[in-house]
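What you see is a predicted model, and the numbers here were worked out from it, not measured in a lab. So that the names make sense, note that chain A is the first sequence line, chain B the second, and so on, each numbered from 1.
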There are 2 protein chains.
Amino acid sequence: MSRGRSSYVGAVPILVAVDCIILGFDHEGLKLLLFRRKIKPYQGEWSTIGSFVRPEESVESAAARVLESHTGLENIFMEPLGHYGAVDRDPGARVISLPYFALIRLGKEEINTTLTHQANWFDINAIPPLILDHNQMVAAALKELRRKARYRPIGFELLPEKFTIPQLQQLYETIYNKALDNRNFRKKILSMKILERLPEKDKSTSRKGAFLYSFIPKRYEQMVEKGVDFVL
Amino acid sequence: MSRGRSSYVGAVPILVAVDCIILGFDHEGLKLLLFRRKIKPYQGEWSTIGSFVRPEESVESAAARVLESHTGLENIFMEPLGHYGAVDRDPGARVISLPYFALIRLGKEEINTTLTHQANWFDINAIPPLILDHNQMVAAALKELRRKARYRPIGFELLPEKFTIPQLQQLYETIYNKALDNRNFRKKILSMKILERLPEKDKSTSRKGAFLYSFIPKRYEQMVEKGVDFVL
DNA sequence: CCAAAAGTGTTATCGCTACACCCATGA
DNA sequence: TCATGGGTGTAGCGATAACACTTTTGG
């Protein structure tokens with residue numbers, strides 16, 4: 001009982017890390033942000049980005065700190081993704097990892113800020129071998145993304161504020177890896193009444209131009225609450 | 001670098017606990033298994049059952065150990081349920097908790113074995129105040145159970161091997177807290193083709209008797225994989 | 001005027017919902 | 001014989017899936 005405030009005599013503390021699986025979407029498809037590891041073991045290899053949880057911060061703020069310090073982004077959609085707790089998963093020490101999965105809106109700016117720290121966006125279908133069990137974590141994140149996309153509208157997190165319906169369709173097609181009928185897609189997404197059509201058009205991808213839409217936050221939230229079976 | 005095999009200098013280890021949220025189902029409804037806490041602080045108060053993760057065991061096996069040592073049950077359906085990592089959640093020490101949610105089949109035997117350790121089954125609608133953030137964990141477990149029940153067949157975990165359709169319907173009614181039409185329920189569940197009708201009847205609840213069914217494991221697994229929107 | 005992407009309707013089918021009565025049996 | 005829970009069918013409606021052509025406009 002001589003170890004400060006702890007009354008849990010005999011319990012052995014363990015290193016706890018958070019790892020961020022950062023996904024983004026742009027015209028080329030779904031991307032994963034990876035980093036060259038800065039410490040040993042496995043220094044220099046590709047890895048998701050993580051950090052040990054510090055005594056004075058919550059697990060959640062550790063994850064936010066990691067994301068912010070490597071991308072400059074704050075208030076990002078993040079969600080815990082289980083835990084990895086095998087005894088020998090990390091040869092450097094016994095470490096329990098709590099991965100978070102983050103969805104970010106890809107614009108040109110974000111990509112630049114990250115290129116500074118030995119970072120790179122990888123196409124989701126061409127992920128290199130990663131250290132430890134990180135490939136597993138990425139696979140879990142992808143599975144979770146697909147699950148999520150099915151049961152709730154997604155897009156607020158992965159699309160810019162204004163987007164076109166073809167863009168949204170492309171996002172779903174990328175996630176499901178499957179072509180969708182554009183008439184039915186439009187019908188279904190519009191019938192949810194979570195989109196507001198703006199007066200502007202995006203002419204960057206066609207001569208005709210596609211109308212821009214934005215999510216109606218209130219209705220979007222209602223849909224998330226209620227749950228939707230968005231099989232396409 | 002004098003602390004053994006760790007190459008993670010400066011990282012501060014933290015106590016990690018697992019907590020088991022144990023749910024069961026019987027003729028009276030959905031139940032939660034709670035225990036009187038054996039250690040300080042909060043000794044004697046109602047709590048889910050937990051333990052610190054030991055250096056030589058994985059997180060998962062810690063959860064299995066806790067469940068086994070308090071109920072005698074092995075090979076139970078258990079699933080991690082996020083994590084609780086606020087700095088001051090436990091006044092005894094900085095502890096990160098990794099709750100697991102377990103579903104067990106309630107028979108008379110199980111109840112007896114647990115009554116020895118200051119344990120009690122509580123109706124899910126009458127949970128007493130629990131220590132720390134355990135009420136939150138229980139609420140999360142319930143929410144997860146409802147979510148699960150909607151998106152995949154459930155029942156393998158909560159029902160005995162042989163069960164009747166009225167029993168299964170009652171399980172869903174309890175989970176959703178909502179009455180269901182028995183014709184439609186039957187139609188839907190049978191159309192999934194995951195049930196096999198046995199030649200026997202259970203006569204314990206009616207003079208006529210209800211046919212016993214069992215799940216067809218293979219088809220059940222397929223359904224779980226594929227996902228179902230089981231809104232009733 | 002043409003290439004390229006955006007946008008638009010209809011029909012057939014399927015699954016869901018709502019709803020009420022007969023059946024089997026033990027006491 | 002009667003009380004109790006178990007078991008069954010159908011019709012209407014709404015959602016989904018399949019399917020091809022017109023519109024716009026910059027070059």
Side-chain angles (χ1 to χ4, degrees), chain A residues 26-29 149-153 155 159 162-174 176 178-214 223 226-232, chain B residues 26-29 149-153 155 159 162-174 176 178-214 223 226-232:
Chain A
D26 69 7
H27 60 283
E28 291 173 12
R150 170 159 177 187
Y151 296 129
R152 49 176 280 184
L159 289 175
K162 302 171 181 183
F163 54 88
T164 66
I165 290 192
Q167 261 171 58
L168 184 58
Q169 180 174 345
Q170 202 193 330
L171 170 59
Y172 275 96
E173 288 182 334
T174 306
Y176 290 140
K178 175 179 159 186
L180 302 174
D181 180 280
N182 64 339
R183 282 165 292 189
N184 292 339
F185 181 83
R186 229 165 241 279
K187 219 182 309 171
K188 184 149 182 180
I189 201 84
L190 289 174
S191 75
M192 290 185 187
K193 312 227 189 252
I194 56 178
L195 296 186
E196 181 180 18
R197 187 166 116 174
L198 306 175
E200 328 154 50
K201 280 190 164 192
D202 167 22
K203 297 216 169 187
S204 65
T205 55
S206 77
R207 309 198 195 285
K208 184 177 178 182
F211 278 105
L212 286 163
Y213 286 77
S214 64
M223 275 291 157
K226 184 171 78 166
V228 196
D229 193 31
F230 202 75
V231 186
L232 291 163
Chain B
D26 68 8
H27 60 283
E28 291 173 13
R150 170 159 177 187
Y151 296 129
R152 49 176 278 184
L159 289 176
K162 302 171 181 184
F163 53 89
T164 65
I165 292 193
Q167 264 172 55
L168 185 57
Q169 180 174 343
Q170 202 193 331
L171 170 59
Y172 275 96
E173 288 182 334
T174 305
Y176 289 140
K178 174 178 160 188
L180 303 174
D181 180 280
N182 65 337
R183 281 166 294 190
N184 292 338
F185 181 80
R186 230 166 241 279
K187 220 182 312 170
K188 184 149 183 180
I189 201 84
L190 289 175
S191 75
M192 289 184 188
K193 313 230 191 248
I194 55 178
L195 296 185
E196 180 180 20
R197 186 166 115 176
L198 306 175
E200 329 154 50
K201 280 191 163 189
D202 169 20
K203 296 214 168 187
S204 65
T205 55
S206 76
R207 309 192 198 286
K208 183 178 178 181
F211 278 106
L212 285 164
Y213 287 77
S214 65
M223 275 290 157
K226 185 171 78 167
V228 196
D229 194 32
F230 203 77
V231 186
L232 291 163

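Residue whose closest nucleotide on DNA chain D sits further toward the 5' end, between A:S191 and B:R197: B:R197. Residues B:D181 and A:T164 each lie close to DNA chain C; by heavy-atom proximity, the contact nearer the 5' end of the strand is made by A:T164. Mapped onto DNA chain C by nearest heavy atom, B:N182 and B:G209 fall at different nucleotides, with B:N182 at the one closer to the 5' end.
The shortest distance between the side-chain N/O atoms of A:K203 and the OP1/OP2 oxygens of D:dG26 is below 4.0 Å. Listed pair A:R183 / D:dA18 fails the phosphate criterion, with no side-chain N or O lying under 4.0 Å from OP1 or OP2.
We find that CZ of B:F185 is positioned 16 Å from C1' of D:dG5, with the value rounded to whole Å. Summarising the geometry, the separation between NZ on A:K187 and C1' on D:dA20 is reported as 13 Å, rounded to the nearest angstrom. What separates CG of A:L190 from P of D:dA15 is a distance of 15 Å, to the nearest Å. Between the CD atom of B:Q170 and the P atom of D:dG6 there is a distance of 9 Å, given to the nearest Å. A straight line from CG of A:L168 to C1' of C:dA6 spans 15 Å, rounded to a whole angstrom. Atom CZ in A:R186 sits about 17 Å away from atom C1' in C:dT10, given to the nearest Å. With rounding to whole Å, A:L198 atom CG is found 16 Å from C:dA6 atom P. Between B:F230 atom CZ and C:dG15 atom C1' the separation is 13 Å, expressed in whole Å.
Proximity of B:I165 to B:N182: side-chain heavy atoms (C-beta onward) are nowhere separated by under 4.5 Å. Counting only heavy atoms from C-beta outward, the side chains of B:Y151 and A:R150 never approach each other to under 4.5 Å.
Here B:L198 contributes atom CG and B:Y213 contributes atom OH; the two are 9.0 Å apart, rounded to the nearest 0.5 Å.
Put simply, the side chain of A:K201 and the base of D:dT24 share no donor and acceptor less than 3.5 Å apart. Evaluation of atom-type donor-acceptor distances gives a pair under 3.5 Å for the side chain of A:K208 against the base of C:dA6.
Backbone-only engagement by A:K188 is indicated by non-hydrogen atom pairs under 4.0 Å involving sugar-phosphate atoms exclusively.
When the nucleotides C:dA18, D:dG6, C:dA6 are ranked by their closest atom to the side chain of B:N184, C:dA18 comes out on top. When each of D:dG27, C:dA27, C:dT17 is scored by its nearest atom to the side-chain atoms of B:R207, the top-ranked nucleotide is C:dA27.
B:S206 and B:G209 get closest at one heavy-atom pair: OG-N, 2.8 Å.
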